[in-house]
Amino acid sequence: SSPPVTSWDAAYERELQTFQDIGDTGEIWFGEESMVRIIRWLEKHKVPLDSSVLDIGTGNGVLLVELAKSGYMNLTGIDYSPSAIQLSEKVREKEGMSNIKLKVEDFLAPSAELSGFDICIDKGTFDAISLDPSDAAGKRQLYVGSLGRVLKPEGIFLITSCNWTKEELLNEFREGFEILEELPTPKFCFGGRIGNSVTALVFQRK
């Protein structure tokens, strides 16, 4: 039932090697500005620093490090790639961030202790699941179900996507979630039409 790990694992294996060689955290998949956008939103809405935050598909864990630097104290990152978790552990050690918990977890089949979060953040994991050639629609449904289980009622879900429009995401998360806000993202122009390369939405669990 897990997504195909091969390509992501290979990518993180390479990053792990690079990190060990030169102490470089490697590719930040979604770029600096998407992290800044998330942190600014949390600060603007005075989200308490002791709120429990789950980073779904944490990758190299850089977002969690930035959240910790901003004062957030209750941070968890999960990824189904053991290499990604190893990489984020190395990043965490280098930064001396002891308040970041990291776990290998498949979000489509989360363990029982993954629950009661105030905030869930996704930048690209829902996209990756959506591209899975084997039963992408079923996996998206599992994802929405998992989100409902791990996020507290009235909890906040911030999603950054490169694949989905606002309308499509509203449709995907209509069961149990309502939109609070669309965050401004960079626009790009394609064939004379203004398009959006990135969609960033804030949902609240009903």
Side-chain angles (χ1 to χ4, degrees), residues 1-20 25-30 34-35 38-39 42 47-130 132 139-153 155-161 203 205:
S1 77
S2 284
V5 285
T6 43
S7 56
W8 284 101
D9 256 343
Y12 287 122
E13 282 291 347
R14 278 196 305 277
E15 290 202 6
L16 199 51
Q17 205 43 61
T18 312
F19 185 82
Q20 280 158 334
T25 54
E27 178 66 47
I28 298 174
W29 298 110
F30 262 83
S34 75
M35 294 201 295
I38 289 164
I39 292 168
L42 296 173
V47 171
L49 294 175
D50 60 356
S51 302
S52 53
V53 179
L54 176 66
D55 187 18
I56 301 166
T58 195
N60 54 21
V62 171
L63 173 63
L64 292 171
V65 168
E66 292 304 318
L67 284 164
K69 286 178 181 170
S70 302
Y72 289 89
M73 297 173 280
N74 189 350
L75 302 169
T76 302
I78 58 166
D79 203 293
Y80 66 75
S81 162
S83 309
I85 292 298
Q86 264 182 294
L87 178 62
S88 31
E89 280 167 352
K90 291 208 157 35
V91 172
R92 173 184 68 183
E93 279 157 39
K94 181 188 166 203
E95 299 281 353
M97 300 290 185
S98 56
N99 53 353
I100 296 175
K101 295 189 280 293
L102 296 163
K103 293 178 186 160
V104 177
E105 283 260 8
D106 177 359
F107 190 68
L108 300 184
S111 63
E113 73 238 34
L114 212 64
S115 70
F117 286 94
D118 298 306
I119 312 277
C120 287
I121 299 173
D122 180 322
K123 32 173 208 358
T125 298
F126 187 71
D127 285 358
I129 287 168
S130 309
D132 192 323
K139 293 202 161 129
R140 296 202 303 272
Q141 233 174 339
L142 283 174
Y143 181 104
V144 175
S146 295
L147 187 63
R149 283 201 299 284
V150 305
L151 192 59
K152 279 181 187 161
I156 299 295
F157 174 54
L158 294 109
I159 180 168
T160 305
S161 169
F203 285 97
R205 193 187 143 194

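With hydrogens and angles ignored, the 3.5 Å screen pairs no side-chain donor or acceptor of Thr76 with any backbone N or O of Leu54. Side-chain N or O atoms of Arg92 include one that pairs as donor or acceptor with a backbone N or O of Ile100 at under 3.5 Å. Remark: the backbone N or O of Asn74 is not paired with any side-chain donor or acceptor of Asn99 at under 3.5 angstrom. A donor-acceptor pair under 3.5 Å is absent between the side-chain atoms of Glu89 and the main chain of Leu102, judged by distance alone. Remark: side-chain polar atoms of Asp122 are not paired, donor with acceptor, to backbone N or O of Ile159 under 3.5 angstrom.
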Open item on the list: Please determine whether side chain to side chain contact (heavy atoms under 4.5 Å, CB included) holds for the pair Leu42 and Tyr72, giving the CA-CA distance in whole Å, both sets of side-chain angles, and the decisive distance to 0.1 Å.
Closed with: CA-CA 10 Å; Leu42 296 173; Tyr72 289 89; 3.3 Å; yes
Open item on the list: Apply side chain to side chain contact (heavy atoms under 4.5 Å, CB included) to residues Asn60 and Leu87 and explain how you reach the verdict.
Closed with: CA-CA 6 Å; Asn60 54 21; Leu87 178 62; 3.5 Å; yes
TODO: Starting from the C-alpha separation in whole Å, work towards a yes-or-no answer on side chain to side chain contact (heavy atoms under 4.5 Å, CB included) for Val150 and Cys120.
DONE: CA-CA 8 Å; Val150 305; Cys120 287; 3.8 Å; yes
TODO: Just do the side chain to side chain contact (heavy atoms under 4.5 Å, CB included) check on Ile56 and Leu147 with the steps written out, would you?
DONE: CA-CA 10 Å; Ile56 301 166; Leu147 187 63; 4.1 Å; yes
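Heavy-atom minimum distance, Pro82 versus Val104: CA-CG2, 3.9 Å. Minimum interatomic distance between Asp79 and Ala84 (heavy atoms only, all atoms of both residues): CG-CB, 3.6 Å. Nearest heavy-atom pair across Ala68 and Met97 is CB-SD, 3.5 Å. Residues Arg149 and Pro110 come closest through the heavy atom pair NH2-CD, 3.5 Å. The heavy-atom pair separating Gly116 from Ser52 by the smallest distance is O-OG, 3.4 Å.
Leu49 CG to Met73 CE: the interatomic distance, rounded to the nearest 0.5 Å, is 5.0 Å. Note: Asp127 CG to Arg140 CZ = 10.5 Å, rounded to the nearest 0.5 Å. Rounding to the nearest 0.5 Å gives a distance of 6.0 Å between CD1 of Ile39 and CG of Leu63. Rounding to the nearest 0.5 angstrom, the gap separating the CE atom in Met35 from the CG atom in Asp55 is 10.0 Å. Distance check, rounded to the nearest 0.5 Å: CZ of Phe107 to OG1 of Thr125 gives 9.0 Å. Here CD of Glu93 is found 10.5 Å from OG of Ser88. Values are rounded to the nearest 0.5 Å.
Within the 4.5 Å cutoff, the side chain of Leu151 has no heavy atoms near those of the Phe203 side chain. At least one side-chain heavy atom of Thr58 sits less than 4.5 Å from a side-chain heavy atom of Ile85. Side-chain contact between Ile78 and Leu114: present, with at least one pair of heavy atoms (C-beta onward) separated by less than 4.5 Å. Within the 4.5 Å cutoff, the side chain of Ile119 has heavy atoms near those of the Val53 side chain. The shortest distance between side-chain heavy atoms of Leu142 and Ile129 does not fall below 4.5 Å.
Relative orientation of the Phe157 and Tyr143 rings is tilted, given thresholds of 30° and 60° on the angle between their planes.
The pair Glu66-Lys69 meets the salt-bridge criterion, with a side-chain N (NZ, NE, NH1 or NH2) lying under 4.0 Å from an Asp/Glu carboxylate O.
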